[in-house]
Amino acid sequence: MTARDILVTNALPYANGPIHLGHLLGYIQADVWVRFQRMQGHTVHYVCADDAHGTSIMLSAEKAGISAEQLIAGVQQEHHRDFCDFLVDFDIYYSTHSPENRELSSYIYQRCQQAGRIATRTISQLFDPERELFLADRFIKGQCPKCKAPDQYGDNCEVCASTYAATDLINPRSTISGATPILKDSIHYFFKLPEFTAMLKEWTRSGTLAPAVSNKLSEWLDGGLQEWDISRDAPYFGFEIPDAPGKYFYVWLDAPIGYMASFKKLCAEKGLDFGAYWDNGATTELWHFIGKDIINFHALFWPAMLDTAGFRKPTAISVNGFLMVNGQKMSKSRGTFITAATYKEHLHPECLRYYFAAKLSSNPDDLDLNLEDFALRVNADLVGKVVNIASRCAGFINNNFNNRLSVHINDTALITEFQQAAAEIAELYDSREFGKAMRIIMALADKANGWIAEKQPWVLSKSNPHDPVVQDICSTGLNLFRVLMIYLKPVLPGICAQVENFLKIPPLQWRDVTTVLTSQIIDTFTPLLMRVDPSKIAAMVDASKDNLTLTTTDGAVNSPMTSTPLAAEIEFAEFAKVDMRIALITNAEHVEGADKLLRITLDLGLDQHGQPITRNVFSGIKSAYKPEQLIGQYTVVVANLKARKMKFGWSEGMILAAGDGNEIYLLTAHAGAKPGTRVT
RNA sequence: GGCAAUGUAGCUCAGUUGGUUAGAGCACAGCAUUCAUAAUGCUGGUGUCGGUGGUUCAAAUCCACCCAUUGCUACCA
């Protein structure tokens, strides 16, 4: 086997919030791969950093009354602590706000400019006259130009799903100051990405991307690439563009360059050769581990920039999907938006590493953390199967044989079978098919337990506690266990270190599977891992709900009343114009062709002739409710609202629900309310 | 609106160059065992393989349409 020389990067977390379990999925995946490669004897440099630039960070720092530098220094420390807690073993955890990154970003930009790959042109953008800064779409809210829904962001409407320019919003306002934005011209710098189409088409099909990722990229490539706006106007927290006063690099320009900068810093510390990993024609490997949300930045802009600046392109980009919790998006109100720190307070980090590994593949599929399944799986596999092997064998050796393993083992065929699995498991680790690797390892653990049950050392021990056959059986069991721990070491490095202490052996390497431990004096066995207690999961979820209350890392209060400030005061008479009635939902169904709407049939009681009054309304609550959940519920309808023609028919009223666009909660009436009763 | 991925036992997932009665682990039931962190072993049932239609001697596997979930739709970090 030839020794590989690999530089691995992990996506840079944004320095404006805590690390959560969704982040950890990608870091744990990369870390397992890195640890595996190192166990194989390959050279791996593993770098990461905080992504520290951008408007959001600038604003957060202002709110907190500190400098951006202070803010990112604090966050960097927290992030690094979280990664250490979860045994993510970076060689360096740096920041994009570094001298190395400033230098490299400027250099790469200048090379692009010299190559004629930079264009400038004037664009018109909304500008906050009070704060004197240009506003990205998400900092602008207003009324949707199509459906008139209030409080919509500057790019698309969450109610009717239409897309538009921020300039089309009715009554736009800056979410930063509340001021009405004005249109203002500014020169922007663009990277001429379309000129790289042919190169990128070839590169993305060169074989090192998952097919699903290549397909995704060809969507963009076939649809025609656009020039990429790489400048932002002051004030902006970032690096000023050379020879362009008041213009700053857009954060996504210098973020991937942060990989290089981080590695450059490591080179200075360790005396490594930077060029051997970045120069055009380098024979080392360069691997990026990222989430599927940032594919375009890494597989389009990044190779194009590297190419232009005379650097090598990545060997491979490994893409992971998003983390779901209990089958749904992570949600603060459900308590499933769980930070690394909160998890660590309640549960063992290596349990999460195992659960992720058990479900990871090389595909960018989303991964579901089902909390009930998590406890069952970890307890069954790790405690019940693997650790149990050591636990049930060690007692005999400790108590009856002076801690000494037998001079030989008594089932070479079984040991050989365990050892021979090494090649297949290694192949699966290398190709990032961790789930399949875990399945094979657990099947071996089952086999070990079955074998011990068959040998029944406890029966022999009863008639003669010092029977050497008992020593042989248990020594063999511990050797089987040792092989399994070698296989699990990339996933469970901490537990494996405890095992190394227990067996009094040096750190296990992959090649150690070929040997057997005999005549060894071992330590007294102590429990390696406790079962996951479901009540601790519940406590963790509860604690995550509390997070919602609301101070984020920047100290800013985040509540519904602050994100959507109170509307102007009204007179009672104005309120009284709104006629709200209790309505019984008699039917609810999907609307063919509608993304967000449900068609709802309401019963409003009887009219003066004793005929039932029914109303048909459309409501954008499909994301939150299934039709069958709604039927039979009593709710509140604005009954005198003018009927509105919609694409799918007339909507005769509006049912009331609370929501911020992400989550929706229908208002319901307590039992006893009758359809048609007025709500006041 | 366009596009992509996903949809297989209660749960989490395997399974496609189309081919005999569709698999694993967990959960569940019975038996055994009690060395082990109530851990382990043996045995057992479980599925209209999201839906409809089509191609075929034969489809979970290919095609079309539909439904659901998640996401993307680049000047958004």
Side-chain angles (χ1 to χ4, degrees), chain A residues 12-17 51-57 123 125 136-139 153-156 161-163 188 190-191 193 212-213 215-216 218-220 223 225-232 250-252 255 292-297 300-301 321-322 324 327-329 355 358-359 361 363-370 372-377 379-381 383-385 387-396 399 435-436 438-439 442-443 446 448-462 470 473-474 477 525-531 590 592-593 595 622-623 626 647:
Chain A
L12 313 183
Y14 200 53
N16 195 25
D51 182 14
H53 290 152
T55 307
S56 297
I57 284 172
I123 63 169
Q125 224 185 336
D137 287 345
R138 70 205 167 86
F139 292 118
Y153 284 103
D155 49 356
N156 67 75
S162 59
T163 57
H188 274 240
F190 292 82
F191 182 68
L193 188 65
V213 177
N215 290 342
K216 180 72 200 162
S218 56
E219 261 181 61
W220 285 312
L225 299 172
Q226 304 291 311
E227 292 194 341
W228 183 35
D229 186 348
I230 56 164
S231 71
R232 293 293 183 276
Y250 173 47
V251 54
W252 262 112
K292 69 179 184 184
D293 52 330
I294 52 177
I295 290 172
N296 58 332
F297 296 108
L300 298 177
F301 307 136
F322 295 116
M324 315 282 284
Q328 295 181 292
K329 268 199 281 191
Y355 190 76
K359 297 183 78 166
S361 75
N363 293 319
D365 298 331
D366 293 349
L367 187 149
D368 185 30
L369 168 61
N370 179 296
E372 201 178 326
D373 181 56
F374 167 77
L376 292 171
R377 182 102 181 227
N379 291 344
D381 289 358
V383 182
K385 289 180 183 175
V387 167
N388 185 238
I389 298 167
S391 181
R392 66 194 307 196
C393 291
F396 294 106
N399 298 330
K436 287 180 179 154
M438 295 308 111
R439 218 165 292 130
M442 289 310 140
D446 283 341
N449 275 310
W451 180 82
I452 294 164
E454 185 191 312
K455 295 295 175 189
Q456 305 186 76
W458 51 90
V459 174
L460 301 172
S461 189
K462 210 157 273 175
V470 173
I473 293 167
C474 294
F525 182 81
T526 51
L528 297 166
L529 180 69
M530 292 306 178
R531 308 174 69 74
H590 290 294
E592 195 171 318
D595 287 343
K622 180 168 153 182
S623 62
K626 295 192 192 312
K647 181 176 172 187

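We name chains A, B, ... by the order of the sequence lines, and we start the count at 1 in each one. Since we're looking at a predicted model, the values are computed, not measured.
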Check: What orientation do F191(A) and W228(A) show, parallel under 30°, tilted 30 to 60°, or perpendicular over 60°?
Finding: perpendicular
Using a heavy-atom cut-off of 4.0 Å across all strands, would you classify V383(A) as base, sugar-phosphate, or nothing? base
When rounded to whole Å, the CZ to C1' distance for the pair F301(A) and C76(B) reads 12 Å
Which part of the nucleic acid, if any, lies within reach of G450(A) when heavy atoms closer than 4.0 Å are counted: base, sugar-phosphate only, or nothing? sugar-phosphate
message: Counting the atoms with a prime plus P, OP1 and OP2 as sugar-phosphate, which does G54(A) contact under 4.0 Å by heavy atoms, base, sugar-phosphate, or nothing?
response: nothing
Just checking V387(A): base, sugar-phosphate only, or nothing, at a heavy-atom cut-off of under 4.0 Å? base
Original post:
Looking across every strand, which nucleic acid part, if any, lies under 4.0 Å from I230(A) by heavy atom: base, sugar-phosphate, or nothing?
Top reply: nothing
Residues at least two apart in sequence or cross-chain that pass salt bridge (Lys or Arg N to Asp or Glu O under 4.0 Å) with K385(A), listed by chain then number, are D381(A), D446(A)
Q.
Please classify the nucleic acid contact of I57(A) as base, sugar-phosphate, or nothing, using heavy-atom distances under 4.0 Å.
A. nothing
Q.
Give me the distance, rounded to whole Å, that separates G7(B) from U48(B) when you measure between the C1' atoms they each carry.
A. 16 Å
- Message: At 4.0 Å (heavy atoms only), tell me whether K455(A) reaches a base, stays on the sugar-phosphate, or touches nothing.
- Response: nothing
*Within the structure shown, what part of the strands sits under 4.0 Å from N363(A) by heavy-atom distance: base, sugar-phosphate, or nothing?*
nothing
RNA chain B in dot-bracket form (Watson-Crick or G-U pairs under 3.5 Å, [ ] crossing, | inter-strand) is (((((((..((((.....[...)))).(((((.......))))).....(((((..]....))))))))))))....
Against the side chain of N296(A), the closest entry in C26(B), U33(B), C76(B) is C76(B)
Rounded to whole Å, OH of Y355(A) lies from C1' of G25(B) at a distance of 12 Å
### Query
Base, sugar-phosphate, or nothing: which does D293(A) touch, judged by heavy atoms less than 4.0 Å apart?
nothing
Just to be sure I understand the rule, does P457(A) reach a base, reach only the sugar-phosphate, or reach nothing, if contact means heavy atoms closer than 4.0 Å?
nothing
CD1 of I452(A) to CH2 of W458(A), rounded to nearest 0.5 Å, is 7.5 Å
Of the candidates U12(B), G71(B), C35(B), the side chain of F322(A) sits closest to G71(B)
*Heavy atoms under 4.0 Å, any strand shown: does D51(A) hit a base, just sugar-phosphate, or nothing?*
sugar-phosphate
The nucleotide from C26(B), C11(B), A39(B) with an atom nearest the side chain of L376(A) is C26(B)
From the candidates U12(B), U33(B), U37(B), the one with an atom nearest any side-chain atom of S391(A) is U37(B)
Next item on the list: Identify whether any heavy atom of M442(A) sits under 4.0 Å from a base atom; if not, whether one sits that close to sugar-phosphate; answer base, sugar-phosphate or nothing.
Entry: nothing
By nearest-nucleotide position on RNA chain B, the 5'-leaning member of K385(A) and W451(A) is K385(A)
Atom CG of L225(A) and atom P of C75(B) are separated, to the nearest Å, by 13 Å
Check: F374(A) vs Y355(A) aromatic rings, parallel, tilted or perpendicular, using cut-offs 30° and 60°?
Finding: perpendicular
Q456(A) CD to A36(B) P, in whole Å, measures 15 Å
